[in-house]
Amino acid sequence: MSGRAIVQNQFDRAADLINLEAYMRKILISPFREVQVEVPVRMDDGRIEVFTGYRIQHNGARGPCKGGIRYHPEADHDEVLGLATIMTWKTALMDIPFGGAKGGVTVDPKKLSKLELERLTRRFTQRIAIVLGPYRDIPAPDVNTNAQVMAWILDEYSSRQGYTPAVVTGKPVSLGGSLGREEATGRGVMYVMQEYARDFGIPLKGGRGGVVIQGFGNVGSHLARLLDSEAGAKVVAVSAVEGGVYNDQGLDIPALLAHVAQGKPVPEWKGGKRVTNEELWTIPCDWLIPAALGGVITKEANAKTIDCKVVVEGANEPTTPTADIILEERGIAVIPDFLANAGGVTVSYYEWAQNLQQYRWTHEQVNRELKATITKAYTSVRDLAKEKGVTFRTAAYGIALQRVADAERLRGN
Ligand code: NAD
């Protein structure tokens with residue numbers, strides 16, 4: 001079975017679970033609107049380089065489309081479409097009033113100067129602005145984009161439309177961003193793990209093998225910090241693109257964060273044994289958390305050998321569909337991306353609401369609401385998975401599909 005066929009198969013399993021009609025399956029699987037743009041950028045040496053950008057709105061039945069923008073050499077139409085689709089299920093599962101979208105520019109931002117990055121962002125914003133708006137489509141940060149990039153998008157959009165902070169989320173706090181947004185995805189992953197740990201008897205504190213995290217960017221580094229400081233978990237290994245570090249007694253996370261804050265690579269830190277990105281997958285642990293890029297747990301590379309009790313998908317689409325089936329056969333639970341990493345979009349919703357109301361929440365309020373929202377979603381997935389005897393992924397899909405289908409029907413489809 002091809003990868004594409006298995007994706008369809010996953011969707012069909014969930015659609016069968018909720019007895020979805022054939023025409024509604026067609027509506028829910030296909031994108032609402034796709035925009036592809038050329039992005040010419042004046043480089044510092046005077047040349048013009050032309051990049052390709054995408055903004056894909058998968059579904060907006062439940063509210064304005066919502067989803068991040070990534071800058072990556074491998075960002076292409078299929079990747080952006082897949083990520084936009086996940087956003088539809090994620091916002092539906094969290095029961096927040098958004099649809100799903102994603103954007104991307106095929107570029108290696110590490111090769112650009114800061115000014116080139118700003119010019120790229122402004123040009124890309126000009127070209128997709130026609131489909132953006134606080135009630136239409138609201139971008140946010142994703143891989144290789146951050147609060148500064150969101151500030152440029154806000155400025156570019158507002159220069160034509162008037163001051164519009166609600167057109168992007170994940171902004172700097174001083175420009176209307178929400179307290180707690182930056183750490184929200186990692187915090188949400190931790191809340192889901194705490195619930196799972198209690199329900200399934202896999203302790204976070206004092207477990208056999210601890211936690212392994214691939215990726216030490218926004219998601220991975222905040223997650224490591226919070227697991228260490230708030231959940232009392234033992235984080236035994238982390239990695240970044242240059243490689244990783246491992247200490248079976250647990251890493252000194254504050255010291256590692258201080259090392260990275262000085263601009264030094266993770267594997268050069270002396271508080272653990274250096275491991276390659278391939279070796280990371282062989283470390284025995286209770287919780288394995290891919291928090292870098294998609295497609296990293298595969299049939300060929302590691303699905304048959306990884307040695308953990310639970311895979312928690314911090315990244316989007318880290319497990320290929322074939323690997324997913326292997327993990328299921330091996331009895332390794334997978335907490336799917338659109339549940340595990342939904343904390344970011346949930347706090348983005350709070351940011352958008354704060355912008356529209358021009359009223360600021362405290363950090364405590366943000367965390368309290370996030371915990372309540374993501375725990376409710378987790379509980380509904382756990383209960384449906386138990387009732388129907390299906391995986392967390394199928395149950396989560398089932399709930400999300402049902403909500404989007406209900407909205408489509410109420411709108412007359
Ligand atoms: P980021 O750019 O801040 O960090 C990415 C991290 O992955 C970096 O530490 C990088 O060194 C590492 N990395 C890259 N390639 C690697 C490799 N081959 N091996 C090991 N490490 C590697 O990105 P982020 O915002 O943390 O996003 C990570 C993932 O989480 C993505 O899949 C993203 O779509 C998803 N996600 C992010 C958010 C968010 O709020 N930032 C929300 C939901 C989902």
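Every value quoted in this text rests on a predicted model; they were computed, and no experiment measured them. Remember, it's 1-based here, ligands and their atoms both numbered in the order they're listed.
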**OP:** Please step through side-chain contact (heavy atoms from CB on, under 4.5 Å) for the pair Met193 and Ile289, ending with a clear verdict.
**Re:** CA-CA 10 Å; Met193 288 172 69; Ile289 309 175; 3.6 Å; yes
Check your understanding: Would Arg181 count as a contact of ligand 1 if the rule is a heavy atom under 4.0 Å away?
Key -> yes
Filtering Leu293, Leu223, Val143 for the heavy atom nearest atom 15 (N) of ligand 1 leaves Leu293
Q) Strictly by modelled atom types, are Gln126 and Arg123 linked by a side-chain donor-acceptor pair under 3.5 Å? A) yes
Going by heavy atoms in the side chains, are Thr282 and Thr305 under 4.5 Å from each other? no
- Message: Pairs of nitrogen or oxygen atoms closer than 3.5 Å, one from Asn218 and one from ligand 1: do any exist?
- Response: yes
Fill in: Side-chain touch Lys388/Ile18, heavy atoms, less than 4.5 angstrom
no
Subject >> Within-4.5 Å side-chain heavy-atom neighbours: Thr346 and Lys90 >> reply: no
Check whether any heavy atom of Glu317 sits under 4.0 Å from an atom of ligand 1. no
Between the OG1 atom in Thr125 and the CD1 atom in Ile153, the distance rounded to the nearest 0.5 Å is 4.5 Å
Discussion item. Do Leu293 and His72 make a side-chain contact, defined as non-hydrogen atoms from C-beta onward lying under 4.5 Å apart?
Written reply: yes
The single option from Glu230, Glu182, Glu369 that satisfies salt bridge (Lys or Arg N to Asp or Glu O under 4.0 Å) with Arg187 is Glu230
With heavy atoms and a 4.0 Å threshold, my read on which part of Ala342 contacts ligand 1 is neither
Atom 20 (C) of ligand 1 has as its nearest protein heavy atom Ala240 O, 3.3 Å
- ligand 1 and Ser239, any nitrogen or oxygen pair closer than 3.5 angstrom? no
Evaluate Ala292 for polar contact with ligand 1, using N/O atom pairs at a separation under 3.5 Å.
yes
Salt bridge between Arg393 and Glu328, side-chain N to carboxylate O under 4.0 Å? no
Check ion pair Lys114-Glu118 (N to O, under 4.0 angstrom)
no
In ligand 1, the atoms that come under 4.0 Å of a heavy atom of Gly314 are 30 (O), 35 (C), 44 (C)
Atom 6 (C) of ligand 1 sits nearest the protein heavy atom Gly217 N, 3.7 Å
Note: ligand 1 atoms sitting under 4.0 Å from heavy atoms of Asp142 are 33 (C), 34 (O)
Open item on the list: So for ligand 1, is Lys90 a polar contact partner (N or O within less than 3.5 Å, distance only)?
Closed with: no
| Student check: side-chain heavy atoms of Phe11 and Leu401 closer than 4.5 Å | yes
Decide whether an N or O pair under 3.5 Å exists between Asn341 and ligand 1.
no
Looking at Asn277, Val241, Val189, Thr185, the heavy atom closest to atom 10 (C) of ligand 1 belongs to Val241
The closest protein heavy-atom partner of atom 2 (O) of ligand 1 is Asn144 N, 3.4 Å
Between the CH2 atom in Trp281 and the CD1 atom in Ile297, the distance rounded to the nearest 0.5 Å is 4.5 Å
- Message: Taking a cutoff of less than 4.0 Å between a non-hydrogen atom of the residue and any ligand atom, is Pro141 in contact with ligand 1?
- Response: no
Going by the 4.0 angstrom heavy-atom rule, the piece of Glu242 near ligand 1 is neither
Near Ala315 (heavy-atom distance under 4.0 Å), the atoms of ligand 1 are 29 (C), 30 (O), 32 (O), 35 (C)
Notebook entry, point to check: Between Asn316 and ligand 1, is there a nitrogen or oxygen pair with a distance under 3.5 Å?
Noted result: yes
Among Val219, Thr346, Val238, Val260, closest by heavy atom to atom 37 (C) of ligand 1 is Val219
- Between His77 and Gln36, does any side-chain donor sit less than 3.5 Å from a side-chain acceptor? no
Hey, does Gly294 come in under 3.5 Å of ligand 1, counting only N/O atoms on both sides? no
